[in-house]
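Proteins come first, then strands; the chains are lettered A, B, ... in the order of their sequence lines, and each starts at number 1.
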There are 2 protein chains.
Amino acid sequence: MDNDATIINALRKKGYKATAQRIAISRFALTSREHPSARRICREIRDTHPTVSLATVYKTLQVFKELGLVNQLTFPEEEARFDSYVKPHLNLICEKCSNITDIEDQSAQEVISAAKNARFVVSGVRIDVRGICQKCAKRDGTFQGSK
Amino acid sequence: MDNDATIINALRKKGYKATAQRIAISRFALTSREHPSARRICREIRDTHPTVSLATVYKTLQVFKELGLVNQLTFPEEEARFDSYVKPHLNLICEKCSNITDIEDQSAQEVISAAKNARFVVSGVRIDVRGICQKCAKRDGTFQGSK
DNA sequence: ATGCTTGCAAATCCTTTGCATAGTC
DNA sequence: GACTATGCAAAGGATTTGCAAGCAT
């Protein structure tokens, strides 16, 4: 696996050890499009590493955050979700199905420019749009006025 | 107080009672620019209502959220902060001093447009920019590339 | 070998809940 | 007067921490 090598290097470069758990977690967390929670990741990893603990998953995700490999999205009354798409983008968060979809759009850059114009030294961006995704809107007959 | 009348009406319209605690909380939480946490609000309110409990503050903030009067901003490892500026805007979040500054910018509308173009039914937006505010950058000698 | 990591359990912190009392409409 | 809100204490849930044993380097 070539991606494994990338993670292993990223870890070692910062003095972290490349353990089997960390690599397994990276395989899922850094490729999944579903913005998994720590519990979700733990369940997944246990398929191949039955002994991993939730604590280890949390610790590993902290390391990944430090390495700039994931962003942590927190929500009221819900567990945090981890996003491996770290470039500026929009999170479309469906209030029905809880899916989160990343979309690229130039408005993300415009947000950054606006902050810089306000003399702010930008280190990161989080853009969430809450609402109903297309799938749920169709299913439930929620109609959308255009524009 | 004219603002009090507004809150009282908003509460009653939805079947909530206009208690002294709720009015006191609204006076601070809905006018403060500092994005206070529940604890912060509780401390403030106790100056005039020494018996208010943190639980009441949390319950009241839930009501205000329901009424669309505040947004709740959650963060990793920190308490939630409440934002009474409910129109789409940018939150500039300083990682040094923890201050949050709201700024208006058209990029907020562009974010919404982008979501709509993706066939998403928008109900709310949260735009956070993390970094260092102008004050802290000056104080600490953090230099900013202009752009 | 050395020191970081794991996994368990316990601890922590924020937030919510249950319930008797008090206040609002 | 009926019903909701308050305030206390206790519960809840996500995340973190301490520590002995196990790995990576």
K.L.:
Expressed in angstrom and rounded to an integer, what is the separation of A:Ile8 atom CD1 from C:dT5 atom P?
P.N.:
14 Å

K.L.:
Would you say B:Arg22 places a side-chain N or O within less than 4.0 Å of OP1 or OP2 belonging to C:dT24?
P.N.:
no

K.L.:
Taking any heavy-atom pair under 4.0 Å as a contact, classify A:Ala80: base, sugar-phosphate, or nothing.
P.N.:
sugar-phosphate

K.L.:
Is B:Arg126 close enough and on-axis enough to B:Phe75, meaning under 6.0 Å and within 45°, for cation-pi?
P.N.:
yes

K.L.:
Expressed as a whole number of angstroms, how long is the span from B:Leu11:CG to D:dA5:P?
P.N.:
9 Å

K.L.:
Is the distance from OP1 or OP2 of C:dG7 to the nearest side-chain N or O of A:Thr56 less than 4.0 Å?
P.N.:
yes

K.L.:
In sequence, state the C-alpha distance, the side-chain angles, and the governing distance for B:Ser123 and A:Glu95, and then conclude on side chain to side chain donor-acceptor pair (under 3.5 Å).
P.N.:
CA-CA 9 Å; B:Ser123 69; A:Glu95 291 171 333; 3.2 Å; yes

K.L.:
Does B:Gly15 or B:Val52 map to a spot on DNA chain D nearer the 5' end, using the closest nucleotide for each?
P.N.:
B:Gly15

K.L.:
Taking only the side-chain nitrogens and oxygens of B:Thr51, find out if one of them lies under 4.0 Å from OP1 or OP2 of D:dT6.
P.N.:
no

K.L.:
Side chain of B:Ala18: nearest nucleotide among C:dG7, C:dC25, C:dT15?
P.N.:
C:dC25

K.L.:
In whole Å, what is the span from the CZ atom of B:Arg12 to the C1' atom of D:dA5?
P.N.:
14 Å

K.L.:
Find the distance B:Tyr58:OH to D:dA5:P and express it as a whole number of Å.
P.N.:
20 Å

K.L.:
For A:Val52 and A:Cys42, which heavy atoms make the closest approach, and how far apart are they?
P.N.:
O-SG, 4.0 Å

K.L.:
Can you find a donor-acceptor N/O pair under 3.5 angstrom joining the side chain of B:Lys59 to the base of C:dG18?
P.N.:
yes

K.L.:
Roughly how many Å is it from CG in B:Leu73 to P in C:dT15, rounded to a whole number?
P.N.:
12 Å

K.L.:
Looking at the side chain of B:Glu77, which of C:dT15, D:dT16, D:dA14 is the nearest nucleotide?
P.N.:
D:dT16

K.L.:
Check whether any side-chain N or O of B:Ser32 sits under 3.5 Å from a backbone N or O of B:Phe28 as a donor-acceptor pair, and report yes or no.
P.N.:
no

K.L.:
Please report the distance, rounded to the nearest Å, between CZ in A:Arg39 and C1' in D:dG12.
P.N.:
13 Å

K.L.:
Any side-chain N or O of B:Gln21 under 4.0 Å from OP1/OP2 of D:dG7?
P.N.:
yes

K.L.:
Atom CD of A:Glu79 to atom P of D:dG12: distance rounded to whole Å?
P.N.:
18 Å

K.L.:
If you assign each of A:Thr60 and B:Arg81 to its closest nucleotide in DNA chain C, which residue comes earlier from the 5' end?
P.N.:
A:Thr60

K.L.:
Of B:His35, B:Glu79, B:Glu34, which is the lone residue that meets side chain to side chain donor-acceptor pair (under 3.5 Å) with B:Arg40?
P.N.:
B:Glu34

K.L.:
Nearest nucleotide by nearest heavy atom, which residue falls closer to the 5' end of DNA chain C, B:Glu78 or B:Tyr16?
P.N.:
B:Glu78

K.L.:
Would you indicate whether the side-chain heavy atoms of B:Asp105 and B:His89 approach each other to under 4.5 Å?
P.N.:
no

K.L.:
What's the NZ-P distance between B:Lys13 and C:dT24, to the nearest Å?
P.N.:
21 Å

K.L.:
Would the base of D:dC3 count as contacting B:Lys17 through its side chain, where contact means a donor and an acceptor less than 3.5 Å apart?
P.N.:
yes

K.L.:
Which nucleotide in the list D:dT17, C:dT5, C:dT16 gets nearest to the side chain of A:Ala55?
P.N.:
D:dT17

K.L.:
Check the phosphate of C:dT16 against B:Gln62, side-chain N and O only, distance under 4.0 Å to OP1 or OP2. Yes or no?
P.N.:
yes

